[in-house]
Amino acid sequence: MLVGVVEDVGRGGIPLGPWGKFDSASGESYALLFHLLDAGAVAEVLWRCFLTARQRQVVADGLGVSLEQAARLVAFCAACHDVGKASAFQACEPVAWARVGEALRADVGGWVWMPHGRASMVALLPVLAELGFEVAGNASAGVRVAQVAGGHHGRYLALDVAGELRQDGRLGGPLWADLRRRYVRVVHHLLGVDVVPSRMSAQAAVLITGVVMLADRLVSQRGYWTRRASAPAVGAAEHMAGSRAHAPRLVDRAGLTRVVLPEVSFARAHGLPEPNAMQASLMTGLGKAGVGGGGAMVLVTDGTGGGKSAAGLEAARLLNAACGTAGWCWLLPTTATADAAYDVAARYVEAHGADRSPLGLVHHHPWLNRAYTDQRIAADLQGSTRDAPWNDTVWDEGEGEERERPQEAVTVPDRWLRGWDRALLAQFVVATVDQALMAALPVRHSPLRMLALSGKTVIIDEAHVLDTFTFRQLERLLVWLGGFGTPVVVLSATLPARVGERLVRAYLRGAGTATPAGPLAAPYPGWLITDGGTGATTVMAAADRERHRGRQRRSVLLARADVVYRPLGPAPRQVQAGERLAVIRELVAPVAAGGGYAAVTAATVTDAQETYRYLRDTLDFGGGQAADLVLLHARFPGRQRERLMRRIRQALGRNRPYPGRMVVVTTSVLDVSLDIDVDLMISDLAPISWLLQRLGRLWRFQHAWTGQERRPAWARESGACLTVCHPVGPDGALDVPRHWSHIPAFTLHATAAALDARTAGQTLLLPDAVPALVEEVQAALDTEKGAAVDAALHRAYTATVRAQEHLSAAQLIPPPHRVASLFDLHRQPLTAATAATRLGMLPRPLLPCYRTPRGRLALDAAGRFELPEGNLRPAHVRALLGRSVPVPAAWVARPGAGHPRPPSAWRGHPLLGDLVLLPLSAERAPTAFGDHLLHLDPELGLVHQRTPAV
């Protein structure tokens, strides 16, 4: 017979033998009921201190109850998450099993072991039905509560409602079933649940699941529950009182309590004297637009250097106040651009002078950024200390001195928030866009990502660089963000109008606004504000646009140089006039002779390496060559690449030295979000958006330097000029080199056709000329106008786009309104490591190393730093990762016989498990991986060659 719940919550009222946590080292166990109550108490605090007003409203609306009732229901879901442990799970630990009690141990019946998440889901169904929850179809409230409990380890499970409601003894006999009922009723009573929800929307279910995950992880920390286990309460009510007393401090110590940034002036926040016309009109427009509970989307289009970053941060501040969200997640396309944005974000957060200003950096290599020092990543790496031949000094490649630890203006998030799947939960985050896109994929722990994103303004920067595959994922993410009413800001310098309209429509679909009340195309330069609740749109006034455009306006020359592409090859050869390398040398010669700053952007890393070699060997920099000619690309070891990037940003920044000289040979890594200025720019033919981005770095600070002599005489005479190296064949027609296969050939042909009429000595007026160029190329890509450029290539391009859209859509989670069972969100068993957010092979980190005379492997040729085995110090892991080079997985798929393997202890390490070793020799002979030959050159970076086909 079911004991009354009032008696159960009192002293000794209910069996506490079943365990929820067990420490094998000490033999200490923690009562399952106490663990459930801990999770419920922490969920109560998370509701108050972590969830934003917008998220709380989404949950309440999704449950069809008041905010107060929703808070209790969320805590109830959290407290039920592990009830399935009252099953065969108890026998997993013999010591703890012996303490369960003789009667329960004898009542196992025909139980079978099952993961406790599934056991919780199955066990809850009949109990929820007794409590009045509807347990019928996939979308019924009771079924979704059960699936939320079953998914607390990151993945929703399939549920056969009719089958699971049949009692078949898999979870034990009647005593165990009665105990589970009593546990659920105890938490139901102590949490004050007084309503049965009529529904649970998909959005509410995802947010509640995220809260359940957070609560479970917080109270599962060994240091928390072992302290409470040492002095246990004598009853459920007493323990619940203690849990509620401990929960606020636990949440706060995890860094989950919201921070309120003090109000400061625009000048202090951004280091600018006043907002420009774009920023000022956007701030005014947001104040007048009246956006609110339905969320809003802001689209800002402006030229590079126009102040989009400050506009995005100001928009986030105003949108948070209007929509009930807090903080922001600033998404960038690459790790390099995320690192650059981190510096801007750090200055912004620091300027507000808050007592605690945590700022997270989330991408694949955050340990390379100065925000993450060795001490701070210690917890992330989870390595224990051991005696080792290394000390804790981190050595930079090629330097014999300790790396200086910079002073940090803001703090990184607390230790708990730097876990690999929790980092987005920080209130202020700079991240690569792939980290957010995984929320729209069936990836484990995706509800945590949705919880993290939905509570803050999401700023999507450089949206125009995303390919078709990734763009489709972004659309689905926007549908979900629209469903949450999450404010979104999209920033772009070259976003075609049609593409911007697709993003806005995706957001409005999620918000439930099928018919927008106004135009969806943002003017250029300008902004568009769309209210998610009503679909009403507001655009920047024409007078404001003209005033802003006039302040930015400048003329540049876009020149075309027809070149013959021939590789330099490994052996020196005579380069003929008219070859690409000879033309580039001629264009760069004035910089070598007269000073100034130039950028040469190659289509591939191999082209960049050959261009650098040729300029190094044929130009006279007057003895300053080491400082004046710089090579930068993605295949340098991480630490060396970061050091090069920072050096270039400092040398070419707003306060660059004059007179001075630097020629940077690079790839597309300098294209976006870098505040630099060059006097001369040369580029291989590239898609129009890339070329316009590069134009944005040409004479970028000219307005700021008015009246100052900041350019060499040759540059003042010739003016701002971007020369596009146009590869041609013997007939003079465009001849795209075969190894440029990563760029769709038709986009290059369409760009070349658009440039033909504009590269005959004519100047372009920026930003006025940008929209016409962008739209002309986009029209060729999207319509039959492309057939006039090249019909065959256009057909191939269209087929490729459709294939990418299909491949991308195949792995996306459904939109909220199409979710039947929550299992629909995890039908594919993807992980964060296997989910693809862009096409192509997933990269593998390659670690160069040397063989010592003792036969060991070391990071340096002298053998001072041998590869550590066993447990690792943070300094070791940082050094290993900082020297790794990302390469396509296909390059290292076939190591030769006898190829060295990493130490066995690395295989299970979260950061070192995928490392592949690249043994180097004093003779600099390449290492063969099948037909791929790899070698690390200290000056050129990783050199890749292919064995000639036989």
Side-chain angles (χ1 to χ4, degrees), residues 278 281-282 285 289 296-304 306 308 311-312 315 333 459-468 470-472 474-475 478-479 482 488-509 513 515-532 535-542 544-546 548-549 552 672 687-693 695-696 746-747 750-751 753-755 758 764-786 789 794 797-798 801 805:
M278 165 77 79
S281 68
L282 177 58
M297 183 170 179
V298 176
L299 181 59
V300 179
T301 62
D302 198 5
T304 55
K308 293 190 298 298
I459 304 172
I460 304 168
D461 206 348
E462 310 290 359
H464 53 272
V465 306
L466 303 180
D467 61 17
T468 300
T470 307
F471 185 85
R472 186 72 180 83
L474 178 60
E475 285 184 294
L478 287 174
V479 171
V488 174
V489 180
V490 177
L491 310 175
S492 177
T494 57
L495 193 69
R498 186 191 66 83
V499 177
E501 182 175 334
R502 282 180 60 181
L503 295 178
V504 177
R505 287 191 182 278
Y507 183 85
L508 291 178
R509 282 200 304 275
T513 306
T515 306
L520 298 184
Y524 187 95
W527 49 258
L528 169 79
I529 301 171
T530 305
D531 188 308
T537 61
T538 310
V539 297
M540 185 177 179
D544 291 332
R545 292 204 307 271
E546 181 54 36
H548 180 63
R549 191 162 43 225
Q552 289 185 301
V672 290
I688 190 63
S689 61
W690 299 12
L691 294 177
L692 291 173
Q693 285 288 333
L695 272 175
F746 181 74
T747 62
T751 297
L755 295 179
R758 297 175 174 88
L764 290 180
L765 194 62
L766 299 180
D768 306 65
V770 171
L773 273 169
V774 171
E775 297 301 335
E776 182 177 340
V777 174
Q778 191 65 37
L781 297 176
D782 293 343
T783 69
E784 291 305 316
K785 291 182 179 180
V789 176
H794 184 251
Y797 170 80
T798 302
V801 167
E805 288 184 335

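Quantities reported herein were computed from a predicted structural model and do not represent experimental measurements.
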Legend entry - Derivation and outcome, side chain to side chain contact (heavy atoms under 4.5 Å, CB included), residues Leu773 and Leu691: CA-CA 11 Å; Leu773 273 169; Leu691 294 177; over 6 Å; no
Inset, instruction - Check step by step if side chain to side chain contact (heavy atoms under 4.5 Å, CB included) holds for Val504 and Thr537. - result: CA-CA 10 Å; Val504 177; Thr537 61; 5.8 Å; no
Can you give me the closest heavy-atom contact between [X] and [Y], atom names plus distance?
X	Y	value
Met540	Arg545	O-NH1, 2.7 Å
Leu764	Ala769	CD2-CB, 4.1 Å
Val300	Leu282	CG2-CD2, 4.0 Å
Thr747	Pro687	OG1-CG, 3.9 Å
Gly535	Leu508	CA-CD2, 4.4 Å

Inset, instruction - Let me see the working for Trp690 and Thr751 under side chain to side chain contact (heavy atoms under 4.5 Å, CB included), right down to the final yes or no. - result: CA-CA 10 Å; Trp690 299 12; Thr751 297; over 6 Å; no
Heavy-atom distance under 4.5 Å between the side chains of [X] and [Y], does that happen here?
X	Y	value
Thr304	Thr494	no
Leu781	Val801	no
Ile460	Leu503	no
His548	Asp302	yes

Legend entry - Pairing residues for Glu775 by the salt bridge (Lys or Arg N to Asp or Glu O under 4.0 Å) criterion, not counting sequence neighbours: none
Legend entry - With sequence neighbours excluded, residues passing salt bridge (Lys or Arg N to Asp or Glu O under 4.0 Å) with Asp782: Arg498
Applying side-chain hydrogen bond (donor to acceptor under 3.5 Å, both in side chains), name anything that partners [X], two or more places apart in sequence or on another chain.
X	result
Thr470	Asp467
Glu546	Arg549, Arg553
Ser492	His464

Identify every side-chain donor-acceptor pair in residues 521-530 under 3.5 Å, counting partners at least two apart or on other chains, and give the distances.
from   : atom 1 : to     : atom 2 : distance (Å)
Tyr524 : OH     : Gly303 : N      : 3.3
Tyr524 : OH     : Ala493 : O      : 3.0
Trp527 : NE1    : Ser281 : OG     : 2.9

Legend entry - Pairing residues for Phe746 by the ring-ring contact (aromatic ring centres under 6.0 Å, His included) criterion, not counting sequence neighbours: His794, Tyr797
Legend entry - Expected output: side-chain Thr513 to main-chain Gly532 donor-acceptor under 3.5 Å: yes
Inset, instruction - Evaluate the side chain to side chain contact (heavy atoms under 4.5 Å, CB included) criterion for residues Thr301 and Val770: first the C-alpha distance (whole Å), next the side-chain angles of each, then the deciding distance (0.1 Å), finally the verdict. - result: CA-CA 11 Å; Thr301 62; Val770 171; over 6 Å; no
Inset, instruction - Nearest 0.5 Å please: distance from the CZ atom of Phe471 over to the CG atom of Leu466. - result: 8.0 Å
Inset, instruction - Could you tell me the separation between the CG atom of Leu520 and the CG atom of Leu299, rounded to the nearest 0.5 Å? - result: 10.0 Å
Inset, instruction - Taking side-chain contact (heavy atoms from CB on, under 4.5 Å) as the test, write out the residues that go with Arg509, two or more places apart. - result: Val479, Arg505, Ala506
